[in-house]
Amino acid sequence: RHSTGNGRVYFLSRNFNNILHWEPVKPAVPGQKVLYSVQYWSDAEEQPYQIKEECHNITALSCDLTAETPSVPDVHYRAQVTVNGSLHGRTNTFKPIAETIFGPPTLSTYTTVSSLHVNVTLPLGPNGVSIADIITRSKNGPSKTIIVYTLKITHPKWAAHVNKTSTGRFVINLKNNETEYCGYVVYNPFTEWGRLESENASFCVTMPSDLLQLLPWLLVSVALLAAIVILLVVCMCNYVKGGKEKSIPQQLV
């Protein structure tokens, strides 16, 4: 929340959707209709405050200024609200890339016998554009804006682990099979020092059993079963052979 003085007018921004909010005003006299009007300004152009036509003489307590406040390099914005022609309040300088709240990413996870794989996808911003693309366009210069992704394993405590990457893909080696690991992922533009990390996306996975560890036991079991079968076959053969030898003298008599 960003406001001036008494905080009556402020921006709330999430994933670069920039909504202006303000506190209500009591009518000067009972029954009077209170009408709010919104104006906006940027330092990109030497112009006075512009009227937001869709938010002129309205009774609502918010106004969508996303289209008027895109996140572009080195541009800052302000907005103000008037009530029945009198100034109600004005925001501080607003810079979307520094002040928008980044929502949680979407995680895709899978496991192998010894590794956890996590792929991260960032949420969408205005007009269905990935906020990763908006972040990249928010900075000048030849170098691309880097987004730093941070994965933290928090459970079990003895497995606590922090890993960072700029690719959005993690491969974490984990030693204990049939163990549940839990954690979360956050992200932030590398160039925006001091701003808050994104909201986190949590995960829990259980590592699969290592079949190779069971292989010796399986081989022993198979060998034991084969030995039992062979022993039974030998016993049956001896039994049948013994029965035939006893019946031959009886037939000769």
Side-chain angles (χ1 to χ4, degrees), residues 1-104 122-141 145 147 186-199:
R1 172 170 169 158
H2 303 276
S3 60
T4 59
N6 56 19
R8 290 181 294 187
V9 180
Y10 53 94
F11 275 105
L12 288 181
S13 177
R14 182 179 177 85
N15 294 336
F16 297 105
N17 292 289
N18 308 322
I19 313 299
L20 186 70
H21 293 259
W22 54 89
E23 295 180 357
V25 173
K26 293 182 179 180
V29 295
Q32 180 187 32
K33 192 173 185 179
V34 178
L35 297 176
Y36 304 94
S37 295
V38 172
Q39 297 174 318
Y40 61 93
W41 171 90
S42 79
D43 58 8
E45 302 175 0
E46 294 296 330
Q47 293 182 352
Y49 277 85
Q50 305 295 305
I51 296 174
K52 173 70 172 177
E53 295 293 344
E54 296 85 350
C55 300
H56 185 65
N57 287 335
I58 62 174
T59 57
L61 297 176
S62 65
C63 176
D64 189 345
L65 289 179
T66 300
E68 291 74 22
T69 56
S71 186
V72 292
D74 304 320
V75 176
H76 304 78
Y77 304 96
R78 290 194 187 99
Q80 64 183 26
V81 176
T82 58
V83 181
N84 296 338
S86 299
L87 182 65
H88 177 45
R90 181 181 295 126
T91 67
N92 284 331
T93 300
F94 173 67
K95 184 181 179 183
I97 182 65
E99 299 171 40
T100 195
I101 296 171
F102 292 137
L122 298 193
L124 300 180
N127 302 316
V129 178
S130 171
I131 65 172
D133 295 332
I134 299 175
I135 292 171
T136 299
R137 296 199 303 260
S138 298
K139 285 293 182 180
N140 277 326
T145 300
I147 301 174
V186 294
Y187 60 94
N188 215 7
F190 178 75
T191 53
E192 289 300 320
W193 294 102
R195 67 149 290 139
L196 296 176
E197 293 179 325
S198 72
E199 296 175 336

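Quick caveat: nothing in here was measured; it's all calculated off a predicted structure.
- Looking at heavy atoms from C-beta onward, S13 lies in side-chain contact with F94 at the 4.5 angstrom threshold.
- S42 and V75 get closest at one heavy-atom pair: CB-CG1, 4.1 Å.
- Closest approach of K26 to V34, counting heavy atoms only: C-CG2, 4.4 Å.
- Taking OG from S138 and CG from D133, the interatomic distance works out to 10.5 Å, rounded to the nearest 0.5 Å.
- Heavy atoms only, all atoms of each residue included: F16 and T100 are closest at N-OG1, 2.9 Å.
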Derivation and outcome, side chain to side chain contact (heavy atoms under 4.5 Å, CB included), residues I101 and E199: CA-CA 8 Å; I101 296 171; E199 296 175 336; 4.0 Å; yes

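- Under the side chain to side chain donor-acceptor pair (under 3.5 Å) rule, H76 has a single partner from T69, T93, N92, D43, which is D43.
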Derivation and outcome, side chain to side chain contact (heavy atoms under 4.5 Å, CB included), residues W22 and V38: CA-CA 10 Å; W22 54 89; V38 172; 3.6 Å; yes

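- Of all non-hydrogen atoms in P27 and Q32, the two that sit nearest each other are CB-O, 3.4 Å.
- Nearest heavy atoms, P96 versus S71: CB-CB, 3.9 Å.
- Proximity of Y49 to R90: side-chain heavy atoms (C-beta onward) are separated by under 4.5 Å at one or more points.
- Without hydrogens or angle criteria, R8 side chain to H88 main chain gives a donor-acceptor distance under 3.5 Å.
- One side chain, S37 or H56, offers a donor N or O that lies under 3.5 Å from an acceptor on the other.
- The distance from the CZ atom of R137 to the CD1 atom of I97 is 11.0 Å, given to the nearest 0.5 Å.
- A donor-acceptor pair is defined here as one N or O able to donate and one able to accept, closer than 3.5 Å; such a pair exists between the side chain of Q50 and the backbone of P48.
- Here the CG atom belonging to N15 is positioned 7.5 Å from the CZ atom belonging to F102, to the nearest 0.5 angstrom.
- Taking CD1 of I147 as the start and OG of S198 as the end, the distance is 10.0 Å to the nearest 0.5 Å.
- The ring of Y40 has its center no closer than 6.0 angstrom to the ring center of Y77.
- In this structure, the side chain of T91 engages the main chain of A79 through a donor-acceptor pair within 3.5 Å.
- N17 CG to L65 CG: the interatomic distance, rounded to the nearest 0.5 Å, is 12.0 Å.
- Closest approach of N57 and L35 over heavy atoms only: O-CD2, 3.9 Å.
- Under a 3.5 Å cut-off, the side chain of R195 and the backbone N or O of P189 do not form any donor-acceptor pair.
- Going from atom CG of D64 over to atom SG of C55 covers 7.5 Å, rounded to the nearest 0.5 Å.
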